[in-house]
Every structure is written in structure tokens, then in C-alpha cells.
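Only one structure is covered here, and it is reproduced in the block below.
Indexing begins at 1, ligand by ligand and atom by atom, following the structure's order. Note that these values count all heavy atoms, side chains included, but never hydrogens, waters or copies made by symmetry. Just so you know, these numbers come straight off a predicted model, no measurement behind them.
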Amino acid sequence: MNYLPKLKQINDKYRMFHAMTPDTESDAKFLFSAKDNLTSIDMETCAGSRILGGYRPAFDATAIAKLRDAGGKLIGKTNMDEFGFGTFSTNSGWEIPRNPHDLERACGGSSGGSACAASALEGHVSLGVSTGGSICCPASFCGVYGIAPTYGRVSRYGLIDYGNSLDKIGVLSSDARDLRRYMDVIKGKDPKDPTSCVQPDGWGEASLKSVAVPKEGIEGLSKDVESAFRKFADEMVRMGVDVDYVDMPSLKYAMPAYYVLATSEASTNLARYVGMRYGQQEGDLSLKFDDYFSSFRSKYFGDEAKRRILLGTFTRMAGYSDRYYAKARQVRNVVINDYKRVLADHDAVLAPTMPFTAPRFDEISKMSALDSYKADYLTVPANLAGTPHMSLPCGYDPNGMPVGMQFVADHWNEGVLFDIAERWQSEFELKRPEVSV
Ligand code: GLN
């Protein structure tokens, strides 16, 4: 289907794009979109924030440049939670993407627009970014495949940072084979990003034979997700995968540790937005600098960004940093060791991606910030560990909303994730949402 002629109407309905191409035809090899925290020469880049309104970067992010070099056309920049701060894309300073399976429900976050595009547009691939689960969560809510690779696998050059020690660029698509296909294009060491790694050839082991299910990963699930998980575990056994139940006690502490580390890093990253360099710059220049940037930041940052600046500044403060920041780093090591221990005898760790299916917007508006943070307890551990992880669509709840399962593999071992996703795709009937405009 050539959806370009109708892109504007599609976007009016689903609101996946913050900026998009005006072109109605293209002879490109493939069409792709990218989360709006990846810089692009030809389109405004705002990372979901009003503070970056009008920002036109002078360069492409490496991941975008590589996809263009491979013959792809960038058709849009996808709506997201401001700077990646959120789980439902409702913390966007711009538009909030709608779930293609039910417009009254969220797409997940923070790469919600990317999952929305991957779900609604046929043959489309989208770049997402995960700091604490922002690829797998929306992939699961929108019923598509999504991979966050090993930390350092893909260059972060051109990425507007949230938490530098956590951010990873990955791929979302309705076709499992696209994940390997496009990760092959965007991976690799980049001299422009010193944290991108020289990496082993290929994707590690080829086939997935065994998984470990942490008991901590199947607690606190909604009834629908729990029953979908039981069914999926049986399917795995039928497909010849050994399923073991194990203890991973550190998983319980990952969520609080993540929010300490992520907000600490975020609060320093946001310090550069003072109304002098990027995006919005109007302000009262007769004010003293402190007053100028305080009034500017008060006006253009959303509530969640402000909350994270306060939290992250507090956890790094002299007198408190040992108790919070340093402690959280210790917890991070314990989580890494727990994965290493379990992955020494298993090819992957398996649990549902999210504890519930896509909530309605009215339900989200009743959630506190803490309720929303808690929803991430299944996705943050792998992000803290820097291990690659993938969400696979595995079924639908009684409302027809997709359920996702998450596999976590060892560092540099994405191969087992591609293998299980491709095998699963040949068995599973993906229900594409009906897109009418
Ligand atoms: N929901 C998590 C957060 O708000 C993860 C977001 C992300 O990965 N960008 O921090």
C-alpha cells in the first residue's frame, strides 16, 4: 500500500508524527520514520519538548544517515514523551499518539509515535530509543516487534540524550524480519560517538533453545497478561524451547535504582536548555541570567521534565548522593550480575513486557507519577544491565488489545532474539489494526 498520499489524513487521526514529509510519492527502497529525539537535517527535531520548538539541526543522527544511505526515505519524526520521560507518550509537549487498535487508548511510551507508525503503516519501519523500556513498552501496547540492542551497538551521535549510560537506539516493525534487516544497517562503531563499540561480527548465537522465567517477572500481572503469558510459555515448549523458572531477586530493586540513575543523568542533560542555543530563544533579555533561564524553563518545560530535574538534582546533591546515586549504581551492578548468572545457563530471560495492556487515556489521567514509574518494573532491569531485549506480540486481550512478551539476551547476543522472533512470526497470526481515513 502506498500510504504517502494519505499521510496527512492518517496523521490527523493517529497523531504519530510531529513533523512529516510533504511528498506524496517516492521511489525509495523503503520508508522509515524516527523518534523525534534523533536529529534530522530536513525536519524539525523537538524531542517531544516545547523548549526545542523550531529547532532545525544542522546534521543527521548517524542511525538516520545510515538508513538514508541504504536507500531509505525518512517520512516523519514521531511523537514521544518529552525527552523520553514517560510510559504512555502522554507527557508529550506536542501531540499524543493514539493506539491504532483503539483510539481511546495510549500507544505506550516513550517511543509511542514510532510504535503507532509501525503498527498502522504497512511495510513501515521506525527507529525508537530506549532508556528504560521505551521501545519494548510501546511495541507491546501496539502489537508490533521491537528491539533495543546491546548498549554501544548503535551510535548515539545525533541523539538528544536522556540518560547517557542507558540510551539505546533500536527498531520497531510489524515484520519480525525487519529487526535484523535494519539493525544490520544501523549497528557499528562510529568515530563520532566514543560510547559506540567495536563489536563482534554477526549477532552471536543463532538459535534460541532455552529460556529462564524469573518468578519476580510474573508477579503483579493483570489477569489477561498472566493468562497470555501461560499460553505463550506452553507455545515455547511446543516449539522445542526449554522453559525454566528461576529466582532473580535483584529485579525488585531495579525500578527504584533506575529512576535514581535516569533522573540524575536527565537533570544534567537538561541543563543546556537555557534559551540561548537551541529551539525557543525568546525571553526578556533585560533580566539577569538566572532569572532569564528560570522564567524560560518554567514556561517551556512540562511538569514531568520539571519533576525529573528536581528529583535528579536531589539524588546527586552533596550529602545525599551516597545514599541515592551511589547506592543505585551498586544495585545496577547486582542486576547485571543476576543476568550474567542466569544467562550463563540459558539463552534468554523471558517475562511479559508490560504488566497490563494499553490503558485508556482517562485511566492514565488518574495515575500518579509513581503509578506510572511502577508500570516499568519489567522493562527497566534489562536497560540497567545494557543487555539486548525484544518485545514480541503474542496475543490479544478480550478488548482486542495486544499483549507483548519480552526476551532478554546476553550482551552482543541479539542473534537468539532475531531467531525466536522470526520463528514465532511464522506461527503467530498478527492482527493488523484497520486503518481507515
Ligand atoms: N518509562 C521510563 C521513563 O520514563 C522509560 C522511558 C524511556 O526508556 N525513555 O523513564
Side-chain angles (χ1 to χ4, degrees), residues 34-38 47-49 78-93 96-97 106-115 126-141 146-149 151 154 156 159-172 254-270 301-312 315 328 332 353-356 358-359 364 367-391 404 406 408:
K35 191 172 181 177
D36 196 34
N37 53 358
L38 292 163
S49 184
T78 59
N79 280 314
M80 56 180 283
D81 288 298
E82 184 170 18
F83 293 107
F85 304 153
T87 304
F88 306 108
S89 296
T90 46
N91 296 331
S92 166
I96 297 167
C107 288
S110 61
S111 312
S114 293
S126 193
L127 291 176
V129 179
S130 177
T131 307
S134 280
I135 292 177
C136 283
C137 160
S140 134
F141 281 179
I147 183 169
Y151 179 82
V154 177
R156 292 187 299 114
L159 169 65
I160 297 175
D161 296 307
Y162 166 176
N164 309 39
S165 79
L166 295 152
D167 298 340
K168 297 157 297 289
I169 299 170
V171 172
L172 297 99
M255 194 279 285
Y258 165 80
Y259 274 96
V260 169
L261 295 173
T263 56
S264 299
E265 295 187 27
S267 64
T268 64
N269 278 322
L270 295 192
F301 275 142
D303 288 348
E304 188 59 27
K306 288 176 187 161
R307 179 178 293 117
R308 292 187 186 214
I309 292 171
L310 291 173
L311 255 171
T315 51
R332 185 176 195 172
T353 309
M354 295 299 289
F356 44 75
I364 295 168
M367 288 169 84
S368 67
L370 190 59
D371 292 336
S372 151
Y373 298 173
K374 281 186 187 158
D376 295 338
Y377 72 100
L378 297 169
T379 56
V380 292
N383 282 276
L384 275 184
T387 41
H389 48 287
M390 184 189 276
S391 182
Q406 180 181 258
V408 182

- Message: Under a 3.5 Å cutoff, is there a donor and acceptor pairing between the side chains of S130 and N383?
- Response: yes
- Task: Name all residues meeting the ring pair (Phe, Tyr, Trp, His ring centres under 6.0 Å) criterion together with Y373; count only those two or more places apart in sequence or in a different chain, and write none if there are none.
- Result: Y259
- Message: Applying ring pair (Phe, Tyr, Trp, His ring centres under 6.0 Å), can you list everything that pairs with Y258, at least two apart in sequence or on another chain?
- Response: none
- Item | Contact residues of ligand 1 (heavy atom under 4.0 Å), by chain and number | G84, F85, G86, T87, S110, S130, T131, G132, G133, S134, Y162, Y258, Y259, R308, D376
- Task: To the nearest 0.5 Å, tell me how far F85 CZ sits from S372 OG.
- Result: 12.5 Å
- Check: S140/T353 side-chain N/O donor and acceptor closer than 3.5 Å: no
- Those residues at least two apart in sequence (or on a different chain) that pass salt bridge (Lys or Arg N to Asp or Glu O under 4.0 Å) with E304 are R307, R308
